[in-house]
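These notes are about the structure you will find just below.
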Amino acid sequence: MTAEIKNILKSASFVIFILFSLDIFLKVILFNDYTLDIDFSKFKNLSRIIFYFCGKLFIAGGIASFVFLFKKFTWTFVVSILLDIWCIGNYIYFKCNDLFMSFDVIKMANELHGFESSILTAIDMRTCSFLIVTIVYVLLCLLITKKLKFIELSRKKALASFIVLFLCNFFILLPLSHGTKAHAIARNWKQFNYNNSKVQTASLYLVPFYTVYAELNLMSSGMSSFNSTDYITKENIIAYMPAMIFASLFKEDNIELTSNDINDPYFQSAFNRNSTPAKATKNLVIIMMESFESWVIDNSHKFGNSMPNFTKFTQGEHILYASKVKSQAKFGVSGDGQMLVNSGLLPISEKAACIAYGSNKYPGLGELYENSTLINPCPTNVWNQRQMTRNYGYKKQIQTNEEEDRDVFKFLVNHIDTVKSPFITMGISIDTHLPFEKYSNTPVDLPNGTPKIIANYIKSFAHTDSTFGIFLEKFNQDSSLQNSTIVIIGDHTILKNDNLNDLRKFASENQLIFDGNNYVPLIIYDPDIQGNQHISELVYQMDVFPTILHLLRSENYYFKGFGVNILDSNARFSRYYTESKAFEISEKIITSNYLSQMAE
């Protein structure tokens, strides 16, 4: 027996197994190091640190053990490259959005028309490091197998080696990697009187994907939904792919709310029951600005007055300017930004509501008007725009000739000239989309040493400011528009992680107005707003919807939203909903399709 073990250890398959295991292990460790802030000092003891690495060792050893089933090992090169693509894709998505890829994001890959360059801008040496690990692995395999002589295993010994190694990983490393989590779920099962077999309970300790399913089953009893960050921390980015798909497939499309859910005062308070709101009588223009962050307008005087039109408009009469609006967009990004403003609902966890629940019923500002139009420069399949436009009550969608802001503002002005009042019209900008390179030649007076992405961002908004001048000129000349409500809001923040750190350093060196966090600006013009009001404390994107309802005198609309009218200073400091509670109730409304049930 000892001789046979020695022969296995001297075989080419075992050497490739070790190298391939290291290749995979290094990649999952690098990924966690690049994306997750793991503070090992917070681990209570050494065993916790060991358990942390078990999930990474399991996936490495489990996949690598398959080398014993094949005479040739070149397939491992292909697998290694595929793992690179998965890790790099998630790293880039995390770098740009501070989130990991969801099943819906993967399904949307064919909708990247026009946005491919956004991906290229996120490529850095960290993305290359995954490929470097693969290259080193391939070279070592080729070099070692060519220079050294190895014992060739019989098929029986190779199969036995695979079984032993795979089972060691499955029954030793895997249970250690998420045993604590399995205990927590088992306790919840007992607490809620779930009668599960010993096989089901045991599988919690052996199958990581079953752990996901157990969480999803307990959502109605208070367990949180599948948490990608928590899962990747405990397990690894590679196991996350099937686990995420598993969670998506087993999670019901529309959950069923209990009577306790519906009768919850927090749930009930979001609605005006038995209300019959009248149509709005004041025109409403919404301009949704792509990736608009407050600091770029607050500091335009530091960049040679790079945004004169926005600055002039913001400093005018009858203006409310909130410079610290917390972006609440999640996986839906721009789609979430539209949903927050148009419906008052908040994004859901782990999915994009506009994709996963696009066929559900939503509140919508467009429902308050007979004449409702959305002007869109992007393909209508992006963020399920065609369906969501109807969901928000817009009866008409106009596609611009070109995917650029100048066309958006031209179409907006022409539409205002021809549409019958009262109307709602929403225009969506596009020129300031990541990577901000389209208008990087726009002349702007920038400080020396401005980071490239920050410089391009400022230049992109300098260009967009010039196109906004088309609308501003119309506003100055049109008395009807001056009696309308005009809302300008950023759809989401964009500078994350390394880019945000670059901004912090740049802001510090140049004494910019910037507190270290990025926000979206909210600019509202309304003739009923007295003077020029600047709100400098923190407010939320969920506040935009109820503020608009107040200005339209439509506060009896059947859905009130979760934010407050920010014109009311008392309301800003005495909120009924915390942000977390608003997310919780909003998710129940969306994922249960509750509004369709209300309409029946």
key: Test side-chain hydrogen bond (donor to acceptor under 3.5 Å, both in side chains) applied to Asp298 and Tyr519, step by step   = CA-CA 11 Å; Asp298 291 341; Tyr519 309 95; over 6 Å; no

key: Test item: Phe331 and Pro347 side chains (from C-beta on) under 4.5 Å apart, heavy atoms   = no

ask   = Can you tell me how far the CG atom of Leu503 sits from the NZ atom of Lys496, to the nearest 0.5 Å?
value = 12.5 Å

task = Ignoring hydrogens and angles, state whether a donor on the side chain of Asp478 or Gln482 is under 3.5 Å from an acceptor on the partner side chain.
result = no

query = Going by distance alone, is a donor N or O of one side chain under 3.5 Å from an acceptor N or O of the other, for Gln397 and Asn376?
reply = yes

request  = Could you check if a side-chain atom of Leu340 sits within less than 4.5 angstrom of a side-chain atom of Phe562, using non-hydrogen atoms only?
outcome  = no

query = Looking only at heavy atoms, what is the nearest atom pair of Thr485 and Leu551, with distance?
reply = CG2-CD1, 4.1 Å

Arg386 atom CZ: more than 12 heavy-atom contacts under 6.0 Å = no

ask   = Judged by modelled atom types alone, do His433 and Ser291 share a side-chain donor-acceptor pair under 3.5 Å?
value = no

key: For Gly316 against Asn532, the heavy-atom pair lying closest together   = O-ND2, 2.6 Å

key: Full working for side-chain hydrogen bond (donor to acceptor under 3.5 Å, both in side chains) between Tyr34 and Ser129   = CA-CA 11 Å; Tyr34 295 161; Ser129 65; 2.9 Å; yes

inquiry  = Could you check, using the six-membered ring where one of them is a Trp, whether Phe436 and Tyr457 have ring centers closer than 6.0 angstrom?
reply    = yes

Leu36/Ile232 under side chain to side chain contact (heavy atoms under 4.5 Å, CB included): CA gap, chis, key distance, verdict = CA-CA 9 Å; Leu36 301 172; Ile232 292 169; 4.0 Å; yes

ask   = For the side chain to side chain contact (heavy atoms under 4.5 Å, CB included) test, which of Leu481, Asp526, Ile523 pairs with Ile486?
value = Leu481

note = Value for OH (Tyr577) from CZ (Phe583), rounded to nearest 0.5 Å, stands at 14.5 Å

request  = Would you please classify the geometry between the Phe313 ring and the Tyr525 ring as parallel, tilted or perpendicular, with 30° and 60° separating the classes?
outcome  = tilted

message = When you compare the side chain of Ile375 with that of Ile428, does any pair of heavy atoms fall below 4.5 Å?
response = no

note = NZ (Lys588) and CD1 (Ile348) are apart, to the nearest 0.5 Å, by 15.0 Å

inquiry  = Using side chain to side chain contact (heavy atoms under 4.5 Å, CB included), reason through Asn90 and Phe100 one step at a time and then give a plain yes or no.
reply    = CA-CA 6 Å; Asn90 266 281; Phe100 297 107; 3.8 Å; yes

Pairwise distance CE(Met542) to CE(Met339) - rounded to 0.5 angstrom = 13.0 Å

Asn518-Glu293 side chain donor-acceptor pair, cut-off 3.5 Å = yes

ask   = If you measure only the distance, is there a donor-acceptor pair under 3.5 Å linking the side chains of Ser349 and Glu587?
value = yes

task = Check each of Arg390, Lys279, Lys361 against Glu367 using the salt bridge (charged side-chain N to carboxylate O under 4.0 Å, His left out) test, and report the only one that passes.
result = Lys361

message = Hydrogens and angles aside, do Lys27 and Thr134 bring a side-chain donor and acceptor to less than 3.5 Å of each other?
response = yes

query = Do Ile488 and Met289 have side-chain heavy atoms sitting under 4.5 Å apart?
reply = yes

ask   = Can a salt bridge be assigned to the pair Asp543 and Arg575 using a cut-off of 4.0 Å between side-chain N and carboxylate O?
value = yes

message = Could you tell me if the side chain of Phe461 sits less than 4.5 Å from the side chain of Ser306, heavy atoms only?
response = no

message = For a 4.5 angstrom cut-off between non-hydrogen side-chain atoms, does Tyr357 reach Thr591?
response = yes

query = When you look at NZ of Lys505, are more than 12 heavy atoms from neighbouring residues, nucleotides or ligands closer to it than 6.0 Å?
reply = no

query = Between Pro447 and Phe303, which heavy-atom pair has the shortest distance, and what is it?
reply = CD-CD2, 4.3 Å

note = Value for CG (Leu30) from CD1 (Ile237), rounded to nearest 0.5 Å, stands at 13.0 Å

message = Can you see whether His492 engages Glu290 through a side-chain donor-acceptor pair at a distance of less than 3.5 angstrom?
response = yes

message = Are there over 12 heavy-atom neighbours, none belonging to Lys438, within less than 6.0 Å of that residue's NZ?
response = yes

task = Might you confirm whether atom CG of Asn441 has over 12 heavy atoms from other residues, nucleotides or ligands at distances under 6.0 Å?
result = no

request  = Locate the shortest heavy-atom distance separating Val564 from Ala571; write the atom from each residue and the value.
outcome  = CG1-O, 3.7 Å

query = For the rings on Tyr540 and Phe545, is their centre-to-centre separation under 6.0 Å?
reply = no

Test item: side-chain donor near acceptor, Ser421 and Asn283, under 3.5 Å = yes

note = Tightest non-hydrogen contact, residues Ile489 and Val544, listed as CD1-CG2, 4.1 Å

remark   = Contacts of Phe409 meeting ring-ring contact (aromatic ring centres under 6.0 Å, His included) (sequence neighbours excluded), chain-then-number -> Phe468

message = One pair to check against side chain to side chain contact (heavy atoms under 4.5 Å, CB included): Ile524 and Gln533. What are the steps and the verdict?
response = CA-CA 10 Å; Ile524 300 180; Gln533 301 182 31; over 6 Å; no

request  = Applying salt bridge (Lys or Arg N to Asp or Glu O under 4.0 Å), name anything that partners Glu537, two or more places apart in sequence or on another chain.
outcome  = Arg572

query = Heavy atoms, side chains only, cut-off 4.5 Å: are Ile566 and Leu522 in contact?
reply = yes

query = Where do Leu595 and Ile589 land on the side chain to side chain contact (heavy atoms under 4.5 Å, CB included) test, with the steps shown first?
reply = CA-CA 7 Å; Leu595 297 181; Ile589 293 171; 4.0 Å; yes

inquiry  = Side chains of Tyr394 and Asn342: any donor to acceptor distance under 3.5 Å?
reply    = yes

message = Evaluate Glu370 against Lys420 for salt bridge (Lys or Arg N to Asp or Glu O under 4.0 Å), listing each step before the verdict.
response = CA-CA 9 Å; Glu370 290 296 334; Lys420 183 179 178 181; over 6 Å; no

query = Does Asp515 come within less than 4.0 Å of Lys324, counting only side-chain N to carboxylate O?
reply = yes

request  = Ignoring hydrogens and angles, state whether a donor on the side chain of Ser300 or Thr311 is under 3.5 Å from an acceptor on the partner side chain.
outcome  = yes

inquiry  = With a 4.5 Å cut-off on side-chain heavy atoms, are Ile398 and Lys396 touching?
reply    = yes

Between Glu317 and Gln530: side-chain donor-acceptor atoms closer than 3.5 Å = no

key: Separation between CG of Leu374 and NE2 of His415, rounded to the nearest 0.5 Å   = 10.0 Å

inquiry  = Could you go through Thr464 and Asp431, starting from their C-alpha distance and side-chain angles, then the distance that decides it, and tell me whether this counts as side-chain hydrogen bond (donor to acceptor under 3.5 Å, both in side chains)?
reply    = CA-CA 7 Å; Thr464 289; Asp431 286 346; 4.6 Å; no

key: Ion pair check, Asp528 and Arg553, cut-off under 4.0 Å   = yes

